[in-house]
Amino acid sequence: MASLRTWFRATQPHSFVASLVGVALGTAVAWNSTRMFDLVAFLLAAIGVVCLHAATNMSNDSIDFKRGVDDLPAHLVSPFTGGARVLPDAAVSFEAHRRVWIGFFAAAALIGIVLALLRPNGWILLVLGGIGGAIGVFYTLPPFALQYHGVGEIAVAVIFGPLVVLGSYVVQTGAVGWEPLLASIPLGLLVAAFLLVNEMPEHETDPRGGKRTIPARIGLEKSVTLYEVLVATALIFLVATSLLRLVPWVAVIGLVAVLPLARARAVLRTYYREYPAHIAANAGTIQAVLLLGAGMTAAYVIAGTTAL
């Protein structure tokens with residue numbers, strides 16, 4: 001029987017940064033606007049989003065394993081490629097793995113229903129949660145298999161940007177607003193960039209299982225350019241909304257993400273065809289997601305406690 005450590009690894013917990021910073025950011029935007037904060041609702045939202053993220057990661061691994069996508073040469077396997085490796089390594093059975101990710105989807109749905117019943121205007125949460133749940137379920141599952149058709153980046157940008165941030169805002173306030181939507185866009189774009197750089201090492205192996213990701217479709221050189229466009233758009237959008245005071249000007253604290261992004265870009269430009277040298281770009285991008293999300297969250301707390 002697999003250990004708890006093995007099951008924890010199966011969820012790919014390093015990726016939860018993308019979920020949790022979105023929940024924190026949406027909650028901070030709500031607090032800055034209304035001075036409202038419900039700790040229980042916040043914790044339920046965070047747990048629900050992580051359950052959905054874990055379920056999506058595991059169902060992705062399940063489909064990839066079944067199609068032979070994760071049958072990678074050793075030099076391509078890293079913490080960011082080839083999934084959690086619990087199925088290829090036979091650390092857990094395929095059927096037990098399937099039951100666990102179905103359970104995570106069910107837990108996320110149950111938490112969403114509880115929040116919808118407990119919070120004002122819960123129907124908004126049902127709509128947002130339903131959209132996020134559908135994207136998570138069909139990220140790799142048929143009939144849509146979004147990542148298999150090259151739209152995985154759009155899917156994660158929508159989930160980890162607008163849906164998570166706006167949803168967390170609604171959990172606290174019971175209303176929608178433009179500000180959490182605008183604040184979410186740089187975060188969603190960086191998460192999309194993270195997925196893109198993760199897919200690049202598998203641009204030749206993925207199509208063997210029918211997985212036509214963006215790197216598989218456009219090649220590595222154009223993928224590097226697209227990565228740079230996503231990152232630049234995220235940072236420019238943050239600066240523009242701050243200068244226009246659509247978000248607090250102190251939100252530019254999120255530009256601290258430039259530090260790991262600059263290193264990631266340099267590595268990617270030099271080693272986009274070389275592995276494992278490529279890994280530093282993956283690590284730098286997820287660090288940037290954390291720093292941008294945490295910086296913007298801190299900015300909203302600062303804006304709410306000072307005259308800035």
Side-chain angles (χ1 to χ4, degrees), residues 16-50 53 111-112 114-116 118-125 127-129 132 157-191 233-261 286-308:
F16 296 161
V17 166
S19 299
L20 294 174
V21 294
V23 175
L25 178 56
T27 303
V29 177
W31 181 81
N32 178 56
S33 300
T34 66
R35 299 301 186 273
M36 298 174 64
F37 176 67
D38 186 308
L39 177 61
V40 173
F42 167 75
L43 292 175
L44 283 174
I47 294 169
V49 169
V50 166
H53 197 165
I111 291 172
V114 169
L115 282 170
L118 293 178
R119 304 304 296 163
N121 292 321
W123 67 269
I124 303 175
L125 292 175
V127 172
L128 294 175
V158 171
I159 288 183
F160 297 112
L163 288 179
V164 169
V165 177
L166 182 58
S168 300
Y169 178 90
V170 174
V171 164
Q172 295 295 324
T173 66
V176 295
W178 282 108
E179 190 168 3
L181 183 61
L182 293 172
S184 74
I185 290 174
L187 185 62
L189 290 172
L190 285 194
V191 176
T233 303
L235 299 178
I236 292 170
F237 190 90
L238 174 57
V239 171
T241 51
S242 299
L243 292 176
L244 294 171
R245 303 304 294 268
L246 298 173
V247 301
W249 72 266
V250 286
V252 293
I253 293 172
L255 292 179
V256 67
V258 167
L259 299 175
L261 286 173
I286 193 60
Q287 289 167 7
V289 171
L290 172 60
L291 289 176
L292 182 134
M296 292 185 69
T297 299
Y300 272 97
V301 173
I302 292 169
T305 54
T306 67
L308 297 177

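As a basis for the values below, the full set of heavy atoms in this structure was taken, side chains included, without hydrogen atoms, waters or symmetry mates. Since we're looking at a predicted model, the values are computed, not measured.
Nearest heavy-atom pair across V191 and A18 is CG2-CB, 4.0 Å. Across every non-hydrogen atom of V23 and V164, the tightest pair is N-CG1, 3.5 Å. When all heavy atoms of G26 and S168 are compared, the pair lying nearest together is CA-CB, 4.0 Å. For the residue pair A157 and P162, the shortest heavy atom distance occurs at O-CD, 3.3 Å. Counting all heavy atoms, side chain and backbone alike, S242 lies closest to L238 at OG-O, 2.8 Å.
Partner of S184 under the side chain to side chain contact (heavy atoms under 4.5 Å, CB included) criterion, out of L187, L181, L182: L181 alone.
Not one N or O on the side chain of R119 forms a donor-acceptor pair closer than 3.5 Å with the backbone of G174. Side-chain N or O atoms of E179 include none that pairs as donor or acceptor with a backbone N or O of V247 at under 3.5 Å. Not one N or O on the side chain of S33 forms a donor-acceptor pair closer than 3.5 Å with the backbone of A30. Of the possible polar contacts, one joining the N32 side chain to the G304 backbone as a donor-acceptor pair under 3.5 Å is found. The backbone N or O of W31 sits nowhere less than 3.5 Å from a side-chain atom of T34 that would complete a donor-acceptor pair.
In this structure, the separation between CZ on F160 and CG on L20 is 10.0 Å, given to the nearest 0.5 Å. Atom CG of residue L291 and atom CG of residue L261 lie 8.5 Å apart, to the nearest 0.5 angstrom. Rounded to the nearest 0.5 angstrom, W123 CH2 and L128 CG are separated by 9.0 Å. For the atom pair CD1 (I159) and NE2 (H53), the distance works out to 8.5 Å, reported to the nearest 0.5 Å. The line from CE of M296 to CG of L255 is 9.5 Å long, rounded to the nearest 0.5 Å. Put simply, CG on L118 and CD1 on I111 are 11.5 Å apart, with the number rounded to the nearest 0.5 Å.
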In sequence, state the C-alpha distance, the side-chain angles, and the governing distance for V29 and L25, and then conclude on side chain to side chain contact (heavy atoms under 4.5 Å, CB included). CA-CA 6 Å; V29 177; L25 178 56; 4.2 Å; yes
Going through the distances and angles, do V171 and L115 end up as a side chain to side chain contact (heavy atoms under 4.5 Å, CB included)? CA-CA 7 Å; V171 164; L115 282 170; 4.3 Å; yes
Full working for side chain to side chain contact (heavy atoms under 4.5 Å, CB included) between V250 and T306: CA-CA 11 Å; V250 286; T306 67; over 6 Å; no
Stepwise side chain to side chain contact (heavy atoms under 4.5 Å, CB included) test for T27 and F37: CA-CA 8 Å; T27 303; F37 176 67; 3.7 Å; yes
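By the 4.5 Å heavy-atom criterion applied to side chains, V21 and T297 are not counted as neighbours. Within the 4.5 Å cutoff, side-chain heavy atoms of L43 are placed close to those of L39.
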